[in-house]
*Asks:* 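I am attaching a structure below and will ask some questions about it afterwards.
When a ligand or atom number is given, it counts from 1 through the structure's own listing order.
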Amino acid sequence: MANNNKLRYRTVYAFAREMYPKTVKSDISYGTAGFRTRATDLSYVMYRMGLLAVLRARYKNAAIGVMITASHNPEPDNGVKLVDPMGEMLEQSWEKWATKLANVTDDKLENVMNDIINEYKIENMNDRPEVLIGKDTRPSSPSLAKAVVDGVLALGGKPIDYGIVTTPQLHYFVVCKNTHRAYGQPTEEGYYKKLTGAFKKVRGQNFNNGNYTNRVLYDGANGVGAKKVKYLREGLEGSLLVDMYNDEIIGSGKLNYLCGADFVKSQQKFPTGLPQDPNLRCCSVDGDADRIVYYYLDEDKKFHLLDGDRIATLIAGYLKEVLEKTSIDLNLGLVQTAYANGASTDYITNELKVPVACVSTGVKHLHHKALEYDIGVYFEANGHGTVVFKDSAKKRLKDALQTNNLSDEQKEATDKLLNIIDIINEAVGDAISDMLLVETILHSRGWSIKEWESAYADLPNKLLKVTVENRAVITTTDAERKCLTPDGLQREIDSIVSKYPKGRSFVRPSGTEDVVRVYAEASTKQDCDRLAAEVARKVFELAGGTGTPPEIPQ
Ligand code: G16
């Protein structure tokens with residue numbers, strides 16, 4: 001065993017020295033969703049994440065996923081997200097090891113690997129665990145995927161290359177593998193079949209209903225989400241017509257450019273490339289298709305956004321209703337972050353009467369919290385989210401159907417809920433599956449997008465980015481709603497916020513971009529714009545801003 005390890009380490013080191021030497025001096029850290037930076041700086045990080053994935057897979061005795069993507073970031077960036085056995089993001093306690101392994105010098109790689117092996121008492125070093133690898137459409141992704149494959153091979157793992165897939169597809173494959181296909185087939189075909197099969201079943205023969213029409217305009221962000229919807233459409237067999245826009249894929253340089261979910265949400269603007277006719281139901285996904293937002297232009301060309309908060313409330317309200325009809329006592333909860341619009345939280349609490357929790361930014365935090373409920377709905381305002389069902393909840397629904405003492409209404413609702421579960425990718429937020437779920441609910445309610453929007457009125461809100469010398473000087477607490485450092489910044493924010501009716505604002509360092517994010521909401525757009533700018537200016541002043549200071553509108 002010791003000899004085997006020695007041999008293996010020799011291979012690991014040889015690969016590192018010859019092919020993937022650490023070329024960047026500065027450290028990189030595992031952020032909101034893994035490592036993310038310029039693609040040219042990532043080869044050695046990818047190789048090392050291949051190594052880490054094998055160690056994690058041996059420790060968990062399960063398949064692990066590695067997704068190469070920088071999601072919403074511009075095309076020259078890239079990144080890597082590690083996927084745990086049940087589709088969750090890499091367990092947080094391992095993030096520090098990922099960071100250590102990424103930053104150590106080549107000659108010390110062996111030491112960090114030994115530290116991990118000792119810390120977790122990994123003994124099965126001769127096992128050949130599977131590491132599932134996926135990549136987005138960025139031109140840099142193939143060579144970075146090769147680096148991951150080489151890392152996996154160097155440590156004796158078995159790489160399974162899925163080629164270009166969406167992030168949620170890779171999460172789905174990992175879950176399928178680790179549940180021995182109980183969750184589905186670990187293939188793209190299996191994924192489309194499961195989702196579209198359940199979707200068509202719930203939709204039935206009447207594709208339209210009331211004010212709902214079965215056509216949606218889809219902005220693929222010129223990325224993998226565009227490529228994959230082409231296959232989805234075949235499976236939908238006309239039950240939903242998905243009109244594709246922004247589907248220029250590899251090498252167009254247009255990934256996420258003036259389009260995609262992040263652009264639409266953060267700029268609050270209609271994307272380029274879609275027809276601007278009034279009242280058309282449109283949606284945008286991001287660069288790896290793990291988030292989605294809806295929107296439309298009204299008769300006056302005014303832009304209306306239905307973001308992750310709207311999707312969450314639509315889903316939670318509907319599931320609550322169906323659940324009540326089943327008469328099965330399961331608890332339902334919703335998880336948001338500080339970015340959730342205050343009006344949505346009021347609506348969930350006071351109208352839907354669904355318990356709501358607030359956690360830090362990052363799918364990992366939301367997913368984890370949602371698992372506490374029998375049925376947990378989680379969404380970030382930016383459109384990341386899904387629904388998770390406890391196994392025990394699914395079993396109770398299935399068992400209830402087997403008994404003969406359900407009324408017709410209870411039976412119909414239970415059957416519907418079970419089918420809806422199959423439309424959902426519970427492994428992680430999935431733009432494609434979320435779209436099918438939203439379309440299912442709108443169809444069932446007979447709603448146009450305007451009717452969906454009429455549930456409540458969003459408070460005007462704004463997102464700004466401030467560039468600072470070192471964004472780590474900003475630290476936060478209370479699910480990122482308050483900042484601890486730099487000294488005095490929170491006091492200044494509180495004092496600014498107090499001037500604006502219904503004002504709320506917070507700041508936090510991004511975990512995916514080299515910026516500080518500023519969020520603000522207030523009762524009028526004018527107040528909101530001013531509030532955001534005043535807070536951004538304070539960040540600039542107290543946290544070492546670089547470039548031009550943010551302007552405050554008069
Ligand atoms: C990732 C995370 C999300 C997070 C987003 C922005 O999304 O998965 O949970 O909301 O980054 O994070 P930050 O504000 O820290 O930059 P994606 O779609 O870019 O992978």
Side-chain angles (χ1 to χ4, degrees), residues 29-37 65-75 77-84 87-90 92 95 134-136 138 141 165-171 221 223-225 255-256 260-266 284-293 307-309 311-312 335-340 358-370 378-386 425 427-432 434 463-468 471-472 474-476 479-481 483 506-519 539:
S29 54
Y30 202 93
T32 313
F35 294 106
R36 208 172 281 189
T37 187
V66 180
M67 181 71 198
I68 293 136
T69 180
S71 188
H72 74 271
N73 291 45
E75 191 158 310
D77 283 359
N78 216 323
V80 55
K81 302 178 177 179
L82 267 77
V83 182
D84 258 358
E88 321 90 313
M89 300 288 191
L90 177 69
Q92 261 176 282
E95 290 183 4
K135 56 177 173 285
D136 71 11
R138 287 177 159 77
S141 290
V165 289
T166 69
T167 294
Q169 283 178 332
L170 186 79
H171 284 248
V224 60
L255 178 67
N256 297 323
D262 193 63
F263 170 83
V264 172
K265 167 70 183 161
S266 51
S284 288
V285 306
D286 70 340
D288 62 342
D290 64 355
R291 46 168 133 156
I292 186 166
V293 294
D307 61 7
D309 299 339
I311 297 174
V335 187
Q336 302 185 309
T337 70
Y339 289 109
C358 179
V359 298
S360 298
T361 301
V363 171
K364 55 193 174 195
H365 302 295
L366 289 109
H367 191 95
H368 195 68
K369 184 74 189 168
Y378 71 83
F379 266 88
E380 293 184 301
N382 62 18
H384 267 286
T386 187
N425 184 351
V428 77
D430 180 335
I432 290 176
D434 289 341
L463 283 167
L464 290 179
K465 295 179 192 179
V466 183
T467 320
V468 298
R471 68 194 199 275
I474 304 231
T475 57
T476 63
E480 303 177 322
R481 288 173 287 197
C483 69
F506 65 90
V507 305
R508 55 175 284 278
S510 161
T512 60
E513 295 172 56
D514 192 8
V515 294
V516 175
R517 298 200 195 280
V518 174
Y519 175 83
V539 171

*Asks:* Who pairs with Thr69 by side-chain hydrogen bond (donor to acceptor under 3.5 Å, both in side chains), at least two apart in sequence or on another chain?
*Replies:*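 For Thr69 the side-chain hydrogen bond (donor to acceptor under 3.5 Å, both in side chains) partners, ignoring immediate neighbours, are Asp136.
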*Asks:* When you look for protein heavy atoms under 4.0 Å from ligand 1, which residues do they belong to?
*Replies:*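 Under the 4.0 Å cut-off, ligand 1 touches Thr32, Ala33, Arg36, Ser71, His72, Lys81, Asp286, Asp290, Arg291, Thr361, Gly362, Val363, Glu380, Asn382, His384, Arg508, Ser510, Gly511, Thr512, Arg517.
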*Asks:* In chain order, what residues pass the side chain to side chain contact (heavy atoms under 4.5 Å, CB included) check against Asn73, with sequence neighbours excluded?
*Replies:*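 Testing Asn73 for side chain to side chain contact (heavy atoms under 4.5 Å, CB included), a comparison that skips the adjacent residues, returns Arg36, Ala70, Asp77, Arg138, Thr512, Glu513.
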*Asks:* A side-chain contact here means heavy atoms from C-beta on lying under 4.5 Å apart; do Thr361 and Tyr339 qualify?
*Replies:*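 Yes. Closest side-chain heavy atoms under 4.5 Å.
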*Asks:* Check whether any side-chain heavy atom of Arg517 sits under 4.5 Å from a side-chain heavy atom of Val515, and report yes or no.
*Replies:*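 A side-chain contact exists here, since the closest heavy-atom pair is under 4.5 Å.
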*Asks:* Drop me the distance from Ile311's CD1 to His384's NE2, to the nearest 0.5 angstrom.
*Replies:*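 Rounded to the nearest 0.5 Å, the CD1-NE2 separation comes to 11.5 Å.
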*Asks:* Output all residues satisfying salt bridge (Lys or Arg N to Asp or Glu O under 4.0 Å) with Asp309, sequence neighbours left out; order by chain, then residue number.
*Replies:*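 For Asp309 there are no salt bridge (Lys or Arg N to Asp or Glu O under 4.0 Å) partners, ignoring immediate neighbours.
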